[in-house]
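Step one of this worksheet: look at the structure below.
Counting starts at 1 for both ligands and their atoms, in listed order. When a residue number appears, it is its place in the shown sequence, counting from 1.
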Amino acid sequence: MQINYCSGRQAIQPCNLGMYSYQIDPYIGCEHHCYYCYVLNQPEIKEGEILIHKDLMEQLSKALSKLESQTIYMGMNTDPYQPSEEIYKQTRQVLEILLNRGFSVCILTKSDLVVRDIDILSNMVDSSAGISIAFQDEHTRQLFETKAPSNERRIEALKKLKEAGIQTYTLVCPVMPFITDVESLIDMVEPYSDTIWLYALNMKEKEDKNWQNIREILDSNYPEMTEQYRKIAFSKEHPYWKELREKLNKLKLKRGLNLRVEL
Ligand code: SF4
């Protein structure tokens, strides 16, 4: 992995998730390089390269001094706990400054490295941490997320976060038609998740890198599905999603689950 430094690039940005106004990306690029990730479509994201903010603490210090205390989202365009974090500790430094300034975080990751920072998260008012997961078995997971930690490690991290009293959530994303067994995943994470969010695979353009990747994986491993994916993955109105939404909303009521069905 090639690590390069960048300066003058804003680490704190407006967040388009309704619940949070700002997000922080401690890295640019993501070593996990999940093949379905929309971030791969950004031209500056190159496989094998991660950018680190040279002036991260300085710029955060200035930016935070102009904001009211609030919860900041981390995990939108990069995994804050990708392997480089063990060495560079950008995320830990961000958490330290947020805690010292009275801010809190909502973190999303695929890595069990998040448990390292339980000491900081548990001292923030209203912090939460979640894992994302999309495949119920390791063979399939490795096809689409070759470089990310195993499900077992993710779920163990979720358990530790919950035991530490931190609000937890799971993001089942992307739900891959006919491949993701949503109910199995819910059963796996439900004991350790205060909330479970579900998001569909949602492709934008046929030329996008993430769609090209998915298509290649399907062609090699599930050739009978490629044509169906061409229709389902590009339309949230496809009957596949409608039926799954109905099924999950019934399951939510029947089992009293805290599911947020955003398919
Ligand atoms: S871990 Fe998240 S940000 Fe990183 S490549 Fe995978 S989906 Fe994208």
Side chains of E163 and Y192: do they bring a donor and an acceptor to under 3.5 Å?
no
Scan side-chain atoms only and decide if R154 and S132 contain a donor-acceptor pair under the 3.5 Å cut-off.
no
Using a distance-only test with no angle check, is there a side-chain donor-acceptor pair under 3.5 angstrom linking Q13 and D25?
no
Quick check on side-chain contact (heavy atoms from CB on, under 4.5 Å): which of L185, T170, L248 does L198 satisfy it with?
L248
Shell of residues surrounding ligand 1, defined by a 4.0 angstrom heavy-atom cut-off that is strict
C30, H32, H33, C34, C37, T78, D79, K110
Cation-pi between K204 and Y38: NZ/CZ under 6.0 Å from ring centre and within 45° of the ring axis?
no
For R153, is there an ion pair with E156 - N to carboxylate O distance below 4.0 angstrom?
no
